[in-house]
There are 2 protein chains.
Amino acid sequence: MNKKEALESFLAVLDIKDDRFLKDLNAISMLVSKRKGEILFLEGDKGEDLYFVLKGAVKIFKTNSEGKEITINIAQEGELFAEIVLFLKNTYPVSAMAIENSLLLAIDSKRMFDKIKENPEFAMKFLGLFAKRLNYLTEKVKELSIDDAKERLLGYLNRRDKGDGVVEIKLPKKEISSSIGVSPETFSRILKKLSEEGAISIEGKVIKLLK
Amino acid sequence: MNKKEALESFLAVLDIKDDRFLKDLNAISMLVSKRKGEILFLEGDKGEDLYFVLKGAVKIFKTNSEGKEITINIAQEGELFAEIVLFLKNTYPVSAMAIENSLLLAIDSKRMFDKIKENPEFAMKFLGLFAKRLNYLTEKVKELSIDDAKERLLGYLNRRDKGDGVVEIKLPKKEISSSIGVSPETFSRILKKLSEEGAISIEGKVIKLLK
DNA sequence: TTCATATCTTGACCTAAATCAATTATTTCT
DNA sequence: AGAAATAATTGATTTAGGTCAAGATATGAA
């Protein structure tokens, strides 16, 4: 994938159809590739870039003083992350690690901020994007505090069901378990139990939601 | 408080200093007062208003199928809530209840949306506001999944310490406990334990953070 | 002020899910 | 292909914090 294609897919996600921003965006962004396991930034790092995922997957996570970790989100193809640096200048409030070999578009947040200010169209797109993100996090807060592990796992699967009840597990299970706030052991046990209860069927990396 | 003062304090929070929006905003908003315990809206309700708290406190919460409840946020004087309806049209994704007798400014979201579209200044303010909210929720997700009840309670107190180590508990303890995702019993026990350990001292509604 | 209602505290008990430990599978690298 | 490393499963054990119950305080209405 070349830079032009990258920018086009970024604009497509923002739902901006004409090409007049291509040159502008080209000047404030660059392609970067990261190998699986590479850290992009850690919480507290100074940094100025927001990212758009062209290929691969990046885990956004937080760690506490005891070394425990929670995955806030896994950004995959077509998703933005760290866009918060547009407004909380200077330091990243989360950490990010590539969990697959990934190709990313790194966008300079200061200059992107100016673009947003100059173009109400961008501002509205970002507002819509932030609203979705707020909704996602609100739901996550709810699940983590009042839904049990089984409900959270079913929630995860249901959100990925496109209507046919078939969900392909593309990420390592330990990443999924961390993203629903559950230990890998518990994840494994619940999956087994759901299968025994007849709620799902498991064939390799494909899970079918029954009933 | 009259309508003009209400609008002025709303604009002050948005950090907009001139008065040119006063008339516009007047046309799309109204003062409403709610008694303690009154529901403003429930999750799933159709609704078009976002709110600004002039006086009192409003609990924003979510409930699951088993009737368990988590407080997402308690909006107090000078805070906006339900601003998400600006972008997720039609239905509220959370519920809201006045937990004190409250005076609110209800703002029509459709017409506010148009104002934001017309005035990049508004758009940027809302983006900044959303960014803060995203940060708050991200921190909350982290606390709920990897911090224990004691750390969450200390986090709550520390965020309210303005530097002198003195925190006044203005809200009912059961509201605070729900907002940190803990049962009232556990809340009570941890407070006692912290006091015994010498980490805090409690004098009525005032808690002093020692160390 | 007094009665009624709601909130808070404390104790006893229980349970969901984490942790620890040991295999077993699956990737990845040479 | 084979070895080494990483991920996933399963069992045994522990524990943080929820629930239930009872009593103590506090709040508010008449």
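So that the names make sense, note that chain A is the first sequence line, chain B the second, and so on, each numbered from 1. These numbers come from a predicted model, not from an experiment.
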Do [X] and [Y] have side chains that get closer than 4.5 Å, going by heavy atoms?
X	Y	answer
B:Leu54	B:Leu104	no
A:Leu154	A:Tyr156	no
A:Glu43	A:Asp45	no

Could you state the atom-to-atom distance from [atom1] of [X] to [atom2] of [N] in whole Å?
X	N	atom1	atom2	answer
B:Leu191	C:dT7	CG	P	18 Å
A:Ile190	D:dT9	CD1	C1'	14 Å
A:Ile180	C:dA18	CD1	C1'	14 Å
A:Lys192	D:dT10	NZ	C1'	6 Å
B:Lys174	C:dT9	NZ	C1'	16 Å
A:Lys193	C:dA16	NZ	P	8 Å
A:Leu153	D:dA8	CG	P	14 Å
B:Asp147	D:dA16	CG	C1'	14 Å

Next on the checklist: Pairing donors with acceptors under 3.5 angstrom, does anything connect the side chains of A:Asn26 and A:Lys3?
Outcome noted: yes

Item to check | Residues B:Ser179 and B:Thr71: side-chain donor-acceptor under 3.5 angstrom | outcome: no

For [N], does either OP1 or OP2 sit under 4.0 Å from a side-chain N or O belonging to [X]?
X	N	answer
A:Thr186	C:dA18	yes
A:Lys173	D:dA7	no
A:Lys150	C:dA16	no

Item to check | Salt bridge flag under 4.0 Å for residues A:Glu143 and A:Arg159 | outcome: yes

Checklist entry - Between B:Phe21 and B:Phe122, does a ring pair (Phe, Tyr, Trp, His ring centres under 6.0 Å) hold up when you go through it step by step? => result CA-CA 10 Å; B:Phe21 296 116; B:Phe122 271 136; 4.6 Å; yes

Go through [options] for me and flag the one nearest to the [X] side chain.
X	options	result
A:Ser183	D:dT19, C:dA18, C:dT9	C:dA18
A:Arg189	D:dG17, D:dA12, C:dT10	D:dA12
B:Ala149	D:dG17, D:dT10, C:dA18	D:dG17
B:Asp148	D:dA16, C:dT9, C:dT19	D:dA16

Item to check | Flag, side chain of A:Glu79 to backbone of A:Gln76, donor-acceptor distance under 3.5 Å | outcome: yes

Checklist entry - Using 30° and 60° as the class limits, which term best fits the ring planes of A:Phe130 and A:Phe87: parallel, tilted or perpendicular? => result perpendicular

Tabulated below should be each protein N or O lying under 3.5 Å from an N or O of nucleotides 21-30 of chain C; please produce it.
from	atom 1	to	atom 2	distance (Å)
C:dT28	OP1	A:Lys36	NZ	3.4

Checklist entry - If you fit an axis to the five pairs at each end of the helix from C:dT9-D:dA22 to C:dT30-D:dA1, how big is the angle between those two axes, to 10 degrees? => result 50°

Checklist entry - If you draw the axis of the six-membered ring of A:Phe61, does the NZ or CZ of A:Lys59 fall within 45° of it and under 6.0 Å from the ring centre? => result yes

Checklist entry - Checking all strands, does A:Gly181 fall into the base, sugar-phosphate, or nothing category for heavy-atom contacts under 4.0 angstrom? => result sugar-phosphate

